[in-house]
Amino acid sequence: MGDGSLPTHERRWASDTIPANTILSATTSPGTEYNSAEEFVEVTLDLQDDDTIILRSVEPATVINVDEGSDTPVSASRSPTTRSSSNRLRQFSQELKAEAVAKARQFSQELKAELRKFSWGNGHASQTVNGFDSALAARALRKQRAQLDRTRSGAHKALRGLRFISNNKANAWEEVENKFNKLAKDGYLFRSDFAQCIGMKDSKEFALEMFDALSRRRRLKVEKISKDELYEYWSQITDQSFDSRLQIFFDMVDKNEDGRITEAEVKEIIMLSASANKLSRLKEQAEEYAALIMEELDPERLGYIELWQLETLLLQKDTYVSYSQALSYTSQALSQNLHGLRKKGRIRRMSTKLVYYLEENWKRIWVVSLWIMVMIGLFTWKFFQYKQKSAFNVMGYCLLTAKGAAETLKFNMALILMPVCRNTITWLRSTKLGLFVPFDDNINFHKTIAAAILIGVILHVGNHLACDFPRLISSSNDNYRKFLKNDFGSPKPTYIDLVKGTEGVTGVLMVIFMAIAFTLAARWFRRNLIKLPKPFDRITGFNAFWYSHHLFVIVYVLLIIHGEFLYLVHIWYRRTTWMYLAVPVLLYAGERILRFFRSGFSTVRLLKVAIYPGGVLTLQMSKPPQFRYKSGQYMFVQCPAVSPFEWHPFSITSAPGDDYLSVHIRQLGDWTQALKRLFSEVCEPPVAGKSGLLRADEATKKSLPKLLIDGPYGAPAQDYSKYDVLLLVGLGIGATPFISILKDLLNNIVKMEEQADSVSDTSKASDVSVASSNESTTPNRVPSKRKKTLKTTNAYFYWVTREQGSFDWFKGVMNEVAELDQRGVIEMHNYLTSVYEEGDARSALITMVQALNHAKNGVDIVSGTRVRTHFARPKWKNVLSKLSSKHCNARIGVFYCGAPVLAKELSKLCYELNQKGSTKFEFHKEHF
């Protein structure tokens, strides 16, 4: 810089930390020999070996006196102060100071001119250098405050955030090393294999950006690394220091290494994070969210953000998240459960479990016990009755066992129809009998009876074909004439004669048809878990189950015939098969006839059809006048264009107070696939600004397929109103039973507020009437009526799904609840499992944008609603524990619809928490 002119410099924004031996600090200020009314700034420069200057910082100037007697150096890092009596050294020092100040002044003026051009060319709000100086000062002040806030709060919270490796186990490096050995070629791991090697195969693009950032740190641009270099990379990304991980994340965004992040770079990392988390819609709005981050972090409009600003946003994101907060509970509230954690003796633990089991299952126990006792009684009765017959002398105990099993078969073949009489069950569950009989378990009881029938068939058929028939044909002629001639006639029949008779043929046919129906009703076939080659794949799935189950119509006809041609019974009224079957068969037939006529009368007109992401078809139809239902119930739907015989159950998603019916149908089986294809053909392209494929109007209604409905039918969720607190858990399409409940609760909330207003008006009127009459009791009646309107004080809705598009299904409902529920009765939590859990570096920026956007606009960026979307899966133990602590002594109804795996976990947690505290959980699972 001694040639009197400044070399052409490269404008590069760098970080705040600069090596001390490369810094030149030059300052001018009023009051020196260059006295001027103009304000000055302090600039920090980095002198490079190629004679270029890198600007490190520009800050408001501080005063440095440059006079004859000053011993203060211009730059302590470049010219250490040495006191000397030598005039030569003093003169040299003063000349150096003057030259540095002059060059700094000249550079400052040029910089201001450049900044003016830059400011005008880019349309910044600050049109003067003084404005730019103020912006720099404001940012410096914000930086100091941010550092102070971090000091106060501590960085311990940050340790849980910005993790590149979520499950960093103790032997994690050993696994990475093993993968390196498999993937490496000639001792080197290629860049393309880096993601798979470190366990980020599903986020390859993100892993490659991290690889490039770590390589840039070493001033390298490589395509392959050795094992030692991989270990160095691994050590950096698994570093426990938050600052280290933050720097890596910053470097991933800061690709040009200028130490500052522009809006374009923010947009790029948002798109990368959205891709890693399968958020396609977020990619489309990346530019909007990048501008949002810059608006928040760069209020001075300098056009860039620095490392400390990104750190501030990461550490303080929770201050923006004021919606759908996790349930709060204190140590005082938690202490109520501590007595349940005390160590108990073995006998005490067993007795406690037994008592709890009896409390939870007493309805099932007494029903099943009664059923078993009836079967034992019938078996014993027939066993001893046939022991008195002469045939026992030849056929022995094989005959007694076969006849005892036959009596239980008649009973169970009659009883198995009762649990599937849905109209009867729906009516009975609303009576006092519902207090003693577990009608929610009707399908499970149906399956249990089927298992008993299977055992009965094996005993009955097996003893006949393998035991007493062989004994009969092998008996001596004398014994046959003495004991069996009156029953089997003369001459003595052969084995073939016994099998080909009416009893034998009907029996064998029943066994065949029942075997087919039992097999195709098994879970492996019904849910398509068994993959068979074509054309045998048609015997799996719901259709095969549905049609094969109707073979039982033939089975019941054969059973009646079978019971009328008994070898050993000759008096008609002792042939009791028809007596067992008469009432259940007539009841079931009556239900089917009722369904036929009711579905014909309950004609519906489609009002709206929409096909949403995830293969969900929404049907909104007119509500027949006689169709009355409760929230949580379901109905059957038939589409004659798909199949004139099949009826399929779907939860009603509209509320009882709505003037329409709606169902949401997900494409899972062959019938639902055919239904979606049918409606897709008549659907129109999506209207701008609306999701789905069709909004039906007068022109399209004529072309829509015809629908028939039957119902409503009872379900566990319809009893939600008897609980103080509700926990509604839906997985994917399993949220449908609870949407109607949320709507109904919301309607009750609005109604209650309206009644509260009417009570207030009535109270004012009563004040006037009380003066003339003290007998008016009207104001006292209204509160009691209002009290009955809503018993449930709180409801918590947890919806877990793996597709972002799923939130479109019930977006309107969630927004309506969030808007109208001013008292906070309903708390909703959405969980998206495709996004990495909060704290993972791959979702860190999404979490920040999510919090910012909701704070600014009140909308969640993932769901598009006012309800916050959490990432990964809920920690159910924490959820239920906090509910238990928050609602002491409450009766909490836990309603679940989804995969059986989570049902077991929730049921177990309810069992554990019921033993620890005063809050009681009652678990219910939807059954179709």
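Computed over heavy atoms, backbone and side chain alike; hydrogens, waters and symmetry mates excluded.
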Point-to-point distance, once rounded to the nearest 0.5 Å, from [atom1] of [X] to [atom2] of [Y]:
X: Leu617; Y: Thr672; atom1: CG; atom2: OG1; answer: 9.5 Å
X: Ser881; Y: Lys875; atom1: OG; atom2: NZ; answer: 13.0 Å
X: Ser863; Y: Lys811; atom1: OG; atom2: NZ; answer: 7.5 Å
X: Leu214; Y: Asp251; atom1: CG; atom2: CG; answer: 8.0 Å
X: Leu302; Y: Met294; atom1: CG; atom2: CE; answer: 9.0 Å
X: Ser662; Y: Phe810; atom1: OG; atom2: CZ; answer: 8.5 Å

> Can you list the steps and then say if Trp234 with Gln236 is a side chain to side chain contact (heavy atoms under 4.5 Å, CB included)?
Replying inline: CA-CA 5 Å; Trp234 178 258; Gln236 292 181 55; over 6 Å; no
> Quick one: side-chain hydrogen bond (donor to acceptor under 3.5 Å, both in side chains) partners of Glu263, sequence neighbours excluded?
Replying inline: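 Not a single residue meets the side-chain hydrogen bond (donor to acceptor under 3.5 Å, both in side chains) criterion with Glu263.
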>> For Lys676, give me all partners under side-chain hydrogen bond (donor to acceptor under 3.5 Å, both in side chains), at least two apart in sequence or on another chain.
In response: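 Lys676 satisfies side-chain hydrogen bond (donor to acceptor under 3.5 Å, both in side chains) with Gln667 once adjacent residues are dropped.
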So does [Y] get a backbone contact from the side chain of [X], meaning a donor-acceptor N/O pair under 3.5 Å?
X: Arg842; Y: Asn277; result: no
X: Glu265; Y: Thr262; result: yes
X: Asn853; Y: Val859; result: yes
X: Thr919; Y: Ser884; result: yes
X: Asn815; Y: Arg866; result: yes
X: Gln850; Y: Thr869; result: yes

Which heavy atom in [X] sits nearest to a heavy atom in [Y], and how many Å separate them?
X: Trp799; Y: Ser806; value: CH2-O, 3.1 Å
X: Tyr831; Y: Ala872; value: CD2-O, 3.4 Å
X: Lys204; Y: Ser192; value: CE-O, 3.3 Å
X: Asp239; Y: Ser244; value: OD2-OG, 3.4 Å
X: Gly259; Y: Asp254; value: N-OD2, 2.8 Å
X: Cys910; Y: Val894; value: SG-CG2, 3.9 Å

State which residues pass salt bridge (charged side-chain N to carboxylate O under 4.0 Å, His left out) with [X]; sequence neighbours excluded, sorted by chain then number.
X: Glu287; answer: Lys267
X: Arg191; answer: Asp212
X: Glu268; answer: Lys255
X: Asp193; answer: none

> Given the rule in the side chain to side chain contact (heavy atoms under 4.5 Å, CB included) test, do Leu909 and Trp876 qualify, once you have shown the distances and angles that lead to the verdict?
Replying inline: CA-CA 8 Å; Leu909 287 172; Trp876 295 112; 3.7 Å; yes
> More than 12 non-hydrogen atoms from neighbouring residues, nucleotides or ligands closer than 6.0 Å to NZ on Lys179, yes or no?
Replying inline: yes
Contacts of type ring-ring contact (aromatic ring centres under 6.0 Å, His included), residue [X], not counting sequence neighbours:
X: His924; value: Tyr723, Phe895
X: Tyr289; value: none
X: Phe211; value: Phe194, Tyr233

>> Testing the 3.5 Å rule here: is there a donor-acceptor pair between the side chains of Thr833 and Arg802?
In response: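 Note: Thr833 and Arg802 side chains miss the donor-acceptor criterion.
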> Does the side chain of His887 pick up a donor-acceptor pair with the side chain of Tyr796 at under 3.5 Å?
Replying inline: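 There is such a pair between these side chains.
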> Once the angle between the rings of Tyr612 and His664 is folded into 0 to 90°, is it parallel (under 30°), tilted (30 to 60°) or perpendicular (over 60°)?
Replying inline: parallel
>> Could you walk me through whether Met210 and Met200 satisfy the side chain to side chain contact (heavy atoms under 4.5 Å, CB included) test, starting with their C-alpha distance in whole Å, then the side-chain angles of each, then the deciding distance to 0.1 Å, before giving a yes or no?
In response: CA-CA 11 Å; Met210 185 163 56; Met200 297 179 70; 3.7 Å; yes
> Does the pair Glu827/Lys882 count as a salt bridge with the N-to-O cut at 4.0 Å?
Replying inline: no
Do [X] and [Y] have side chains that get closer than 4.5 Å, going by heavy atoms?
X: Leu619; Y: Ile665; result: yes
X: Thr238; Y: Trp173; result: no
X: Val663; Y: Ser651; result: no
X: Thr618; Y: Lys608; result: no
X: Val616; Y: Ile611; result: no
X: Tyr896; Y: Leu727; result: no
X: Glu905; Y: Val901; result: no
X: Val176; Y: Cys197; result: yes

>> The criterion is side-chain contact (heavy atoms from CB on, under 4.5 Å); which residues satisfy it with Glu205, sequence neighbours excluded?
In response: Leu272, Ser275
>> Suppose we screen for side-chain contact (heavy atoms from CB on, under 4.5 Å). Which residues come up paired with Asp202, at least two apart in sequence or across chains?
In response: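 Testing Asp202 for side-chain contact (heavy atoms from CB on, under 4.5 Å), a comparison that skips the adjacent residues, returns Tyr836.
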>> Run Ile270 and Ile293 through side chain to side chain contact (heavy atoms under 4.5 Å, CB included) and show every step you take.
In response: CA-CA 10 Å; Ile270 289 177; Ile293 287 183; 4.3 Å; yes
Using residues 735-747 as the side-chain source, report each donor-acceptor pair under 3.5 Å to any protein atom, sequence neighbours left out, with the distance given to one decimal.
from: Thr736; atom 1: OG1; to: Ile733; atom 2: O; distance (Å): 3.0
from: Ser740; atom 1: OG; to: Ser631; atom 2: OG; distance (Å): 3.1
from: Ser740; atom 1: OG; to: Ser654; atom 2: O; distance (Å): 2.7
from: Lys743; atom 1: NZ; to: Thr653; atom 2: O; distance (Å): 3.4
from: Lys743; atom 1: NZ; to: Tyr660; atom 2: OH; distance (Å): 3.4
from: Asp744; atom 1: OD2; to: Tyr720; atom 2: OH; distance (Å): 2.4
from: Asn747; atom 1: ND2; to: Lys743; atom 2: O; distance (Å): 3.4

